[in-house]
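What follows is a set of notes on a single structure, which appears directly below.
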Amino acid sequence: MRKILVTGAAGQIGSELVPALRERYGSGNVIAAGHRTPMPDDMRDAGPAITIDVTDGESVQRSLRDHDVGTVYHMSSVLSAFAESNRQRAHSVNIDGLYNVLEAAVDNDLDQLILPSSIAAFGPDTPQDETPNETLQRPATLYGISKVFGELMGNYYVDKLGLDVRGLRLPGIISWKTEPTAGTTDYAVAIFYGAIREGRYICYLRPDTRLPMMYMPDCIKAIVDLAHADGSRLKHHTDFNVGAVSFTPAELAGVISGKVPGFSVDYEVDPLRQGIADSWPNSLDDTAAREEWDWSPSYDLNTMADDMLENLGVKLAGENRAR
Ligand code: AKB
């Protein structure tokens with residue numbers, strides 16, 4: 001088979017997507033491609049691993065050509081909060097990098113390109129509750145603008161160039177393996193670290209800030225299910241809403257308190273991230289994904305919190321022992 005390549009392999013989603021794809025297709029068939037974020041040893045040891053700078057079109061072209069790549073999961077992206085203070089970097093990676101991947105996909109006759117979008121593709125003018133799949137998209141962040149660019153460009157390459165491009169608007173992703181650090185929804189991961197390490201957490205969003213979220217196993221399932229969906233059923237391509245859970249910091253803190261006695265949260269609002277969160281949906285209408293490729297999440301807030309506390313607890317205990 002032609003190889004599968006994952007950009008952003010060392011990132012929050014990439015670090016769990018690569019093992020899942022290797023399990024499914026065989027380790028030798030899935031290339032982990034990283035750049036600045038150091039790649040975990042187990043990922044490097046378990047299968048092919050390369051460095052790609054997506055902002056360098058020639059590097060992308062060469063990598064796809066030399067490794068006989070047939071499918072790319074393009075996960076590398078500068079996330080919302082970091083992008084606001086690093087405009088140049090956000091533009092190079094999220095806009096130029098995405099364009100380089102699309103062009104290399106055409107030149108190398110790729111079978112499929114997966115381009116994740118985000119809830120950031122919506123903005124303050126979008127209806128916030130049960131946000132429809134088709135609605136006003138006028139994002140107020142650089143990251144969101146780049147995600148709308150990705151959705152539109154992806155659809156253009158489907159329509160005009162016959163490339164099989166697919167993408168979904170991911171909510172905040174919660175996971176225990178790799179901690180995210182550059183986004184707006186990161187509090188929903190950091191709060192678990194706070195609960196386990198210190199029994200307390202200082203949250204940078206207001207307690208009533210409702211956002212759509214998803215546990216990592218559902219995220220991996222969504223990406224892989226969309227990639228395998230029967231193309232003849234798809235009316236959309238790069239812009240599927242995918243809902244799972246939706247909660248506020250206060251609600252998440254309440255659930256964790258029920259499982260970690262004595263856990264407490266204080267709030268010190270960061271205006272940058274609060275402003276971004278306020279411009280995003282509260283919840284998503286994902287009927288299109290459910291109808292066109294049978295999307296259905298498995299985790300709710302309670303089962304996600306149980307699994308997070310168990311796995312993160314084991315991971316942090318192991319790190320303590322290693323010190
Ligand atoms: C972020 O917070 O920037 C990301 C996202 C919702 O796309 N997690």
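No hydrogens, no waters, no symmetry mates; every other heavy atom, side chains included, goes into these values. Atoms within a ligand are numbered from 1 in the order they appear, just like the ligands themselves.
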May I ask you to identify the nearest protein heavy atom to atom 2 (O) of ligand 1, giving residue, atom name and distance to one decimal place in Å? T184 N, 2.7 Å
Side chains of D300 and T303: donor-acceptor distance under 3.5 Å anywhere? yes
Looking at G183, which atoms of ligand 1 are within less than 4.0 Å of one of its heavy atoms? 1 (C), 2 (O), 3 (O)
Considering only the protein, which heavy-atom contact is closest to atom 3 (O) of ligand 1, and what is its distance? S80 OG, 2.5 Å
Testing the 3.5 Å rule here: is there a donor-acceptor pair between the side chains of D159 and N155? no
Under 4.0 Å from a heavy atom of W280: which atoms of ligand 1 are those, numbered in the order shown and with their elements? 1 (C), 2 (O), 3 (O), 6 (C)
Any chance the side chains of T209 and Q274 put a donor and an acceptor closer than 3.5 Å? yes
Strictly by modelled atom types, are E84 and T141 linked by a side-chain donor-acceptor pair under 3.5 Å? no
Can you check salt bridge (charged side-chain N to carboxylate O under 4.0 Å, His left out) on R210 and D278, steps first, answer last? CA-CA 9 Å; R210 183 172 298 283; D278 286 343; over 6 Å; no
Closest to atom 5 (C) of ligand 1 (judged by heavy-atom distance), picking from A188, S118, A120: S118
For atom 8 (N) of ligand 1, what's the nearest protein heavy-atom neighbour? Residue, atom name and distance, please. T185 OG1, 2.9 Å
